[in-house]
Number of protein chains: 2
Amino acid sequence: MQPKKLPRLKSTFSVDCVIFGVDDGVLKILLIERNEPPFKAWKAIPGNLVRDQEDIDDAAKRILYELTGLKDIYLEQSYTFGRTNRHPQGRVITVSYYSLIQKTDDIRPVTGFAKTAFWCPVHELPKLAFDHREIVEKALAQLKHKINYQPIGFELLPKRFTLTQLQHVYEAILEVDLDKRNFRKKMLSFGLLESCQEKQTGGSHRAASLYRFNKKRYHQLATKGFIFGL
Amino acid sequence: MQPKKLPRLKSTFSVDCVIFGVDDGVLKILLIERNEPPFKAWKAIPGNLVRDQEDIDDAAKRILYELTGLKDIYLEQSYTFGRTNRHPQGRVITVSYYSLIQKTDDIRPVTGFAKTAFWCPVHELPKLAFDHREIVEKALAQLKHKINYQPIGFELLPKRFTLTQLQHVYEAILEVDLDKRNFRKKMLSFGLLESCQEKQTGGSHRAASLYRFNKKRYHQLATKGFIFGL
DNA sequence: TAAAGTTAGTGTATTTTTTACACTAACTAA
DNA sequence: TTAGTTAGTGTAAAAAATACACTAACTTTA
């Protein structure tokens, strides 16, 4: 399954990114198809070696940028994977990150390696290269946990969104059905969602109100111990 | 402050451990005094380079063992620090772990480097080498968070403990005062604390009942979604 | 233009959980 | 035997979470 005569690398580190997006109530991640050995033609999460003079956070941002053309997106360090045999070419420790993006944003790959990128529902993952399956599972668990106490759902939505869209994000991540009235009551109770005084257009049904999340005010409250959770 | 002519290391990785213990209601960590440059004679958290054929988790266990003589202790990966300039000798990425031990256990350093180890209250830390201060703060924040949904307080106590001791652990970590009756009610409500049918001895006052934590049953419940929290 | 289809939007009653709070019991030492 | 110290206990009030069903607004189609 692995080629045999690849060069040994000296001890080195890489960064891998699990990039989440929500699409029509389904949680997805961005995968690529590798075009080099090892694991040539396998699906994988995007990643790269960390450069000599590069902070690891910056390496993660670079990968995201190369892949999506986006900057300033939500990024969290997830976990570090360091089993001795996790990479067939030598000792490579990888620091994984996860990131949340608005799937509506136009994604414009900046480099060649990103051309094969595609979205895949988290529950329909193909076999992945290296220990990437494990990396995805870890990020998924962290995401599921974090949404209970931080307002990260908004990172997956456009600036202006409807309450139903927001509920779908929560449902997709938590894998539960939520009660519409209770969900709305709770979300509005924090006083952090502001009406845009505008309605969504396009559906063949009643138009929904658009809201935006007041991040600045959230950060003020957060410093005083406020917790944003369902 | 830093010597100038140290050899450059090639890119490499280390593991650092924040070792927590609770003593008389005070949360402490184990520090060492470095006896080699860089940062010779500075206080630091224990750590070491990861060996070529060593998993990073194993490296953390090794450090703990060398320092305390203890095995099978609670250990969690905390965070990975990878700023390019965090180590004066070259590029060293460090994976930090935190560990919880029972301070009553006899600590018997196994190697020389551990001889200078001492306990320090987390709120009276001296200046620390490298970015160790930041590493400790991160571990502290994670500990404080985790105790809200996992039964990790028991790791800091002997097998048999009183409810007051347990309360002190929670108070030390969360940095709040808790109501005695409410705390006991909550803790006992899970049905995971079993009476040892025995009393503590030694105080010049009424003797307290001893309890033990039923970890096996906890894990059974946990798989069904049960959450152990205050 | 009326009817059918679709999603938006809203309130209340019940249950559960959290909080606040103060005295008696048991033991030791002086 | 008294003073000192920590252990141990219950209830009532407040707050939060849950369960639950209909009307409103808009579009499409017959």
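None of these values were measured; they are calculated from a predicted model.
B:F226 is listed as a side-chain neighbour of B:L192, based on a closest heavy-atom distance under 4.5 Å. In this structure, B:L31 and B:W119 have side chains that are not in contact, with every pair of non-hydrogen atoms separated by 4.5 Å or more.
Contact annotation: B:S204 side-chain N/O to D:dT6 OP1/OP2 distance is not under 4.0 Å. Put simply, A:R206 has no side-chain N or O that comes within less than 4.0 Å of OP1 or OP2 on C:dG9. Note on A:K186: a side-chain N or O is less than 4.0 Å away from OP1 or OP2 of D:dA17.
Taking the six-membered ring wherever Trp is involved, the centroid distance between the rings of B:Y211 and B:F161 does not fall below 6.0 Å.
In this structure, B:D177 atom CG and C:dT19 atom P are separated by 14 Å, rounded to whole Å. Rounded to a whole Å, the OH atom of A:Y211 is 10 Å from the C1' atom of C:dA8. Atoms NE2 (A:H205) and C1' (C:dG9) sit 13 Å apart, rounded to a whole Å. For the pair B:L166 CG and D:dG8 P, the interatomic distance rounds to 13 Å; values are reported in whole Å. A:L163 has its CG atom 7 Å from the P atom of C:dG9, to the nearest Å. Rounded to an integer number of Å, the gap from CZ of B:R184 to P of C:dT19 is 18 Å. Protein atom CG of B:L230 is 13 Å distant from nucleotide atom C1' of C:dT17, rounded to whole Å. Rounded to a whole Å, the CZ atom of B:F183 is 14 Å from the P atom of C:dT18.
Side-chain atoms of B:K185 come within donor-acceptor range of the base of D:dT11, with a qualifying N/O pair under 3.5 Å. A donor-acceptor contact under 3.5 Å links the side chain of A:R181 to the base of D:dA21.
When all heavy atoms are compared, the tightest approach of B:L64 to B:C17 is CG-SG, 4.4 Å.
The residue among A:G203 and A:K180 whose nearest nucleotide of DNA chain D lies closer to the 5′ end is A:K180.
Using a 4.0 Å heavy-atom criterion, one finds that B:T162 contacts no nucleic acid atom at all.
Ion pairing of B:R86 with B:D131 is present here, as a side-chain N (NZ or NE/NH1/NH2) and a carboxylate O approach within less than 4.0 Å.
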